Asker: 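Mind having a look at this structure? Questions to follow.
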Amino acid sequence: MALGPRICQDRAAMNIDKAVNIEDLRRMAKRHLPRVCFDFIEGGLEDEHGIAHNESAFSRHKLTPRYLVDVSERDQSTTLFGRRYALPFGIAPTGLIGLFRRGGDLMLAEAARDANVPFIMSGASTASIESAAKVAPEHAWYQLYAAREMRISEDIIRRAADAGLSTLVLTVDVPINSKRERNIRNGFTRPYKLTRSAVLEALTHPTWIAEYLRHGGMPVIENWRPYAKPGANAAEIAEFVSTQTPSTQTWRELEAYRRLWPRKFVVKGVLHIDDARRAAEMGVDGLMVSNHGGRQLDRAPAPLDVLLQINQAVGNRVAVMFDSGIRRGSDIVIARCLGARYVFTGRATLYGCAAGGKPGAARAITILKDEIDRVLAQLGCPRFDDLGPDWLMSERG
Ligand SMILES: Cc1cc2nc3c(=O)[nH]c(=O)nc-3n(C[C@H](O)[C@H](O)[C@H](O)COP(=O)(O)O)c2cc1C
């Protein structure tokens, strides 16, 4: 009996090594998870145009190789905020990870630490800031979902600073909850009441169910525990979080958070050049050009389509970073050619973690690293840092 979960985990780990690409990890995650969970990860909103745009944006760019170059040694390391990272991509914040893989937040943090890349803990994480700082003191950043009550945001910022985290990421593209139709159909929206078919379908994923029950059911959105009523359970804490977020944020609040946070400050979710300029003028250190992986505004532009323009406008003042739609190493190379100082992956690493825990997250990183390495060699550009627009042949969007 006690051996059951261990055997299942070992089997998952074995399969993880067989994953050749991110799509393989995606399929493994899909098999492991109940539909309600997989849909939460996979879904966009409304017609899911945003997800399709993110993908098609990459296909408009081709990489032009230069041969007869010595590529016997390749280097992907890159500097961001004065720190040398081994790879040009890190892990974007994703909420509720514990629902897909118990302890998954810290598994991703450890995988990032081992690979020497940043890990951004979500404002809706299922582990605490303090625990992330413990396992990955040099690599963990924190993403703030600002609360309606300023005192809560202030306290979360203080905790992240006290824990020694280097970077605070303010997500600005969630002024309200978006219309995620998969979640609505599954009953995975407030008030949470899963549909009968979602519950029955979940029962066909015994490994996931066993893990869920073994850990006492719903995971806790840990960072919010201190602000909910004393002794609140996971459901009550989730309910409390939904009374505090999403909250309306303006430039005034951004200025306040900037002033409160003593270290590197990043704004995530910027898509308009004027917003990028204004944020730069307010003294932010970095911008993440992102459409939240196509999860907030279905008709938003693909971040890749505005990246070059934003980089040209503010790239000399702030670190312009990128996420949304990364599934291949070549996507990361293309984003770099269009000016991304650094790139983040959301679903790619989350599929790995959901499918196989820490080894799965590490596998996703290795797959992308290996793909980048091959692309650099094939391009005749052995140093990632040397990539730029000259390597691209682009069609008009
Ligand atoms: C399941 C899931 C949960 C997410 N949770 C958050 C979050 O808590 N905070 C946030 O800023 N972004 C969140 N995002 C968006 C990611 O940080 C990132 O912008 C997006 O996943 C990038 O697109 P990609 O998944 O195509 O790589 C989430 C994305 C997914 C897929």
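First listed ligand is number 1; within each ligand, the first listed atom is number 1. Model, not experiment: these values are computed from the prediction.
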Asker: Does any N/O atom on Phe40 come nearer than 3.5 Å to any N/O atom on ligand 1?
Answerer: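 Such a contact does not occur with ligand 1.
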Asker: Among Met121, Gln296, Arg295, Lys268, which residue places a heavy atom closest to atom 30 (C) of ligand 1?
Answerer: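 The residue whose heavy atom sits nearest atom 30 (C) of ligand 1 is Arg295.
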Asker: Ile41 heavy atoms, cut-off 4.0 Å: which ligand 1 atoms fall inside?
Answerer: 1 (C), 31 (C)
Asker: Return the closest protein heavy atom for atom 11 (O) of ligand 1 as residue, atom name and distance.
Answerer: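 For this ligand atom, the closest protein heavy atom is Thr171 OG1, 2.7 Å.
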Asker: With under 30° as parallel and over 60° as perpendicular, where do the rings of Phe322 and Phe58 fit, or are they tilted in between?
Answerer: perpendicular
Asker: For ligand 1, note which part of Gln143 has a heavy atom under 4.0 Å away: side chain, backbone, both or neither.
Answerer: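 Only the side chain of Gln143 comes within reach of ligand 1.
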Asker: Out of curiosity, is Ser290 lining ligand 1, as in a heavy atom under 4.0 Å away?
Answerer: yes
Asker: Distance alone, cut at 3.5 Å: any donor-acceptor contact between the side chains of Gln249 and Ser247?
Answerer: yes
Asker: Write out the residue and atom name of the closest protein heavy atom to atom 15 (C) of ligand 1, then the distance separating them to 0.1 Å.
Answerer: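 Nearest neighbour among protein heavy atoms for atom 15 (C) of ligand 1, to 0.1 Å: His292 CD2, 3.4 Å.
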Asker: Have a look at Asn311 and tell me which of Val320, Val318, Val306 forms a side-chain contact (heavy atoms from CB on, under 4.5 Å) with it.
Answerer: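 Among the candidates, only Val320 passes.
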Asker: Is the closest side-chain donor-acceptor distance between Asp385 and Thr78 under 3.5 Å?
Answerer: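 On atom types as modelled, these side chains qualify, holding a pair under 3.5 Å.
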Asker: Thinking salt bridges, do Asp331 and Arg328 make one under a 4.0 Å N-O criterion?
Answerer: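 No, this pair does not count.
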Asker: Does at least one non-hydrogen atom of Glu42 fall below 4.0 angstrom from an atom of ligand 1?
Answerer: no
Asker: Determine whether the side chain, the backbone, both or neither of Pro93 has a heavy atom under 4.0 Å from any heavy atom of ligand 1.
Answerer: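 Under 4.0 Å from ligand 1, Pro93 contributes backbone and side-chain atoms.
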Asker: How many angstroms lie between atom CZ of Arg66 and atom CG of Leu379, to the nearest 0.5 angstrom?
Answerer: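 The CZ atom of Arg66 sits 8.5 Å away from the CG atom of Leu379.
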Asker: Yes or no on side-chain contact (heavy atoms from CB on, under 4.5 Å) for Met218 and Tyr212, after CA distance, side-chain angles and deciding distance?
Answerer: CA-CA 7 Å; Met218 203 168 146; Tyr212 184 79; 3.9 Å; yes
Asker: Is there a heavy atom of Asn54 sitting under 4.0 angstrom from any atom of ligand 1?
Answerer: no
Asker: Of the backbone atoms (N, CA, C, O) and the side-chain heavy atoms from C-beta on, which set of Met288 has a member under 4.0 Å from an atom of ligand 1: side chain, backbone, both, or neither?
Answerer: neither
Asker: Side chains of Glu154 and Tyr257: donor-acceptor distance under 3.5 Å anywhere?
Answerer: no
Asker: Can you figure out which of Gly325, Gly293, Gly346 has its heavy atom closest to atom 26 (O) of ligand 1?
Answerer: Gly325
Asker: Could you see which bit of Ile120 sits under 4.0 Å from ligand 1, with heavy atoms only: side chain, backbone, both or neither?
Answerer: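 Ile120 to ligand 1: no contact under 4.0 Å from either part.
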Asker: Give the numbers and elements of all ligand 1 atoms closer than 4.0 Å to a heavy atom of Arg327.
Answerer: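 Counting atoms of ligand 1 from 1, those under 4.0 Å from Arg327 are 24 (P), 26 (O), 27 (O).
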Asker: If you round to the nearest 0.5 Å, how far is CG of Asn223 from CG of Asp105?
Answerer: 9.0 Å
Asker: Using heavy atoms and a threshold below 4.0 Å, how should the contact between Thr94 and ligand 1 be classified: side chain, backbone, both, or neither?
Answerer: both
Asker: Using a 6.0 Å cut-off, check whether atom CZ of Arg185 has over 12 heavy atoms from anything other than its own residue.
Answerer: no
Asker: Please tell me whether Phe344 and Trp141 form a close aromatic pair, meaning their ring centres lie under 6.0 Å apart.
Answerer: yes
Asker: Check contact between Leu350 and ligand 1, using heavy atoms of the residue and a distance below 4.0 angstrom.
Answerer: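 Leu350: in contact with ligand 1 (<4.0 Å).
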Asker: A side-chain contact here means heavy atoms from C-beta on lying under 4.5 Å apart; do Arg299 and Glu46 qualify?
Answerer: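 Answer no - side chains too far apart.
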Asker: Gly95 versus ligand 1: do any nitrogen or oxygen atoms come within less than 3.5 Å of each other?
Answerer: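 Yes.
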Asker: Quick one: look up the protein heavy atom nearest atom 8 (O) of ligand 1 and list residue, atom name and how far away it is.
Answerer: Ser122 OG, 2.7 Å
Asker: At a non-hydrogen distance cut-off of under 4.0 Å, which region of Tyr145 contacts ligand 1 (side chain, backbone, both, or neither)?
Answerer: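 For Tyr145, only side-chain atoms sit under 4.0 Å from ligand 1.
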Asker: Of the protein's non-hydrogen atoms, which lies at the shortest distance from atom 18 (C) of ligand 1, and what is that distance?
Answerer: Asp323 OD2, 3.2 Å
